[in-house]
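Each ligand, and each atom within it, is numbered from 1 in the order the structure gives. Predicted model, so just to flag it, every value in this text is computed and none were measured.
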Amino acid sequence: MPYYRVSGEIPKKRHTRLERPGGGLYAEELMGEEGFSSDSSLLYHVHPPTAIVKSEALADIAGEARLAANHPLLPRHYRTQDLPAGGDLVLLRQAMMGNDDVRISFVTADAPSELYRNSTGDEVVYVHAGSLRFESVYGAIDAAAGDYVVVPRGTTHRWIPAGGPAGGLAGVPAGVPVTALVIEARGHIRTPRRYLSQTGQFLEHAPYCERDLRGLAGPLLAEGEDVPVIVRNRSGLTRLTYAYHPFDVVGWDGCLYPYAFNIADFEPIVKRTHAPPPVHQTFEGPNFVVCSFCPRPLDFDPLSVPIPYNHHNVDSDEMMFYVGGDYTARQGSGVGLGSITLHPGGFTHGPQPGAVEAAVAGLAEGKTTTDETAVMIDTFRPLGLGPAARRAEDPEYPWSWARAARR
Ligand SMILES: [Fe+2]
């Protein structure tokens, strides 16, 4: 995480006593990455964070979903609107695609999740629609459409959709579902290194900075005994029951914590002629990147072609989630808001036939901006296809370029 934050009550020095009002000491816990050699935070609990009373194996429907190879090789288009709704943001994730580095799921949630932590890697939840509250041992974040919520590995948390049937946010009508794209890494998801100074400050050329990252309200203090927490580790899912509620932190400090970043706070970088996706990069993970395509001025050279050229990015599979605005390059393909496309390595993809001419004509008629908004994930290992992808597939998409070209 980029920089130091402090919340609540902490002692003046690390690893010294913090006394509880009625006697006794708060229990100190270090959460740290890479074996004491990277970012960490120190949390101070009312109760020992170690006190478990039960452990049960849990069926892992989403996690065990088999991924099928993209064979025979095809570009793919999925309509997330065709996926079933309901459930929570942890156990009812619908696996779209994945590989050994990352798993990408879609979820429509109308119920609060149980307490959960993923001990196999960091997660980023991109909220597509609706609003929700993220609660964790560090505190709470209210999130809404356009927010990326970054959750470090091992963070105990839960998701509460606003207006869900139980436990929803006060004053919000019931029954407003949250739709979200869930990115689960097998490692850490971080700010691209090239955006940061040697000591971790965002540089001037970065498309976002510390002021755009929303921290946590809190800390939270919840009462409760025998509280279950779902834990994902390398063996699957376990429900661990804790003697005391894990949200019992009176203070913490450090550089490791969840945060939110809204896609509308990404400052697009534009060129006179078309700029490639690295200018849109938002996060990096193990063998993958996440990019944000945001409303921006169109390329402004008088002879520019203001949409992407055909490209064959030979080392990557490219997933695109279309979340807002008008995506000119895809007109006539069936792709719309809520669509996900997969353009795999081995296949050259590009604008639909006629889109280049339409974009050039638009420029001549004075169209100087685009309002397209999309989240892209490029992976350096091939993506397998999950059950949800098979369910939501548009079988006509692979032939859409030829269909339009022959018209
Ligand atoms: Fe592409």
Side-chain angles (χ1 to χ4, degrees), residues 70 73-80 96-99 101-102 104 106 126 181 183 192 207 263 266 268-271 273-285 287-296 298-299 304-360 362 370-385 389 393-394 396-405:
N70 185 6
L73 179 69
L74 279 178
R76 310 277 180 167
H77 169 216
Y78 308 108
R79 294 192 184 95
T80 58
M96 296 293 296
M97 51 193 82
N99 59 24
D101 301 312
V102 63
I104 302 158
F106 190 81
Y126 177 79
L181 191 75
I183 304 164
I263 196 166
F266 188 94
I269 296 167
V270 294
K271 289 173 59 188
T273 58
H274 198 70
V279 300
H280 307 296
Q281 191 180 349
T282 311
F283 302 110
E284 64 187 17
N287 288 320
F288 73 90
V289 299
V290 179
C291 299
S292 304
F293 290 73
C294 297
R296 60 192 183 278
L298 288 169
D299 319 327
S304 69
V305 176
I307 57 173
Y309 31 81
N310 298 310
H311 52 288
H312 188 174
N313 201 355
V314 298
D315 293 321
S316 304
D317 276 14
E318 177 191 303
M319 190 225 80
M320 185 82 93
F321 180 35
Y322 303 81
V323 299
D326 175 17
Y327 224 81
T328 307
R330 294 264 79 85
Q331 274 179 6
S333 65
V335 170
L337 295 184
S339 287
I340 288 177
T341 56
L342 171 63
H343 297 134
F347 169 73
T348 297
H349 67 277
Q352 303 307 124
V356 167
E357 292 76 5
V360 167
T370 173
D371 62 354
E372 66 188 25
T373 310
V375 173
M376 190 183 86
I377 302 169
D378 266 19
T379 66
F380 295 112
R381 289 201 263 195
L383 286 165
L385 309 176
E393 182 151 19
D394 163 14
E396 294 303 314
Y397 180 67
W399 330 118
S400 59
W401 290 272
R403 200 172 53 221

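Looking at Met96 and Met319, their side chains never come closer than 4.5 Å, going by heavy atoms from C-beta outward.
Although no hydrogens or angles enter the test, the distance criterion places a donor-acceptor pair under 3.5 Å between the side chain of Asn99 and the main chain of Arg381.
Annotation: protein N, O or S atoms under 2.8 Å of the Fe ion (ligand 1) (waters excluded) comprise His311 NE2, Glu318 OE1, Glu318 OE2, His349 NE2.
Ring planes of His280 and Phe266: tilted class, angle from 30 to 60°. Below 30°, between 30° and 60°, or above 60°: for His311 and Tyr309 the angle between ring planes is above 60°, a perpendicular geometry.
Shortest non-hydrogen contact noted between Val360 and Ser304 is CG2-O, 4.3 Å.
Of the listed residues (Ser333, Ser400, Ser339), just one forms a side-chain hydrogen bond (donor to acceptor under 3.5 Å, both in side chains) with His77, and that residue is Ser339.
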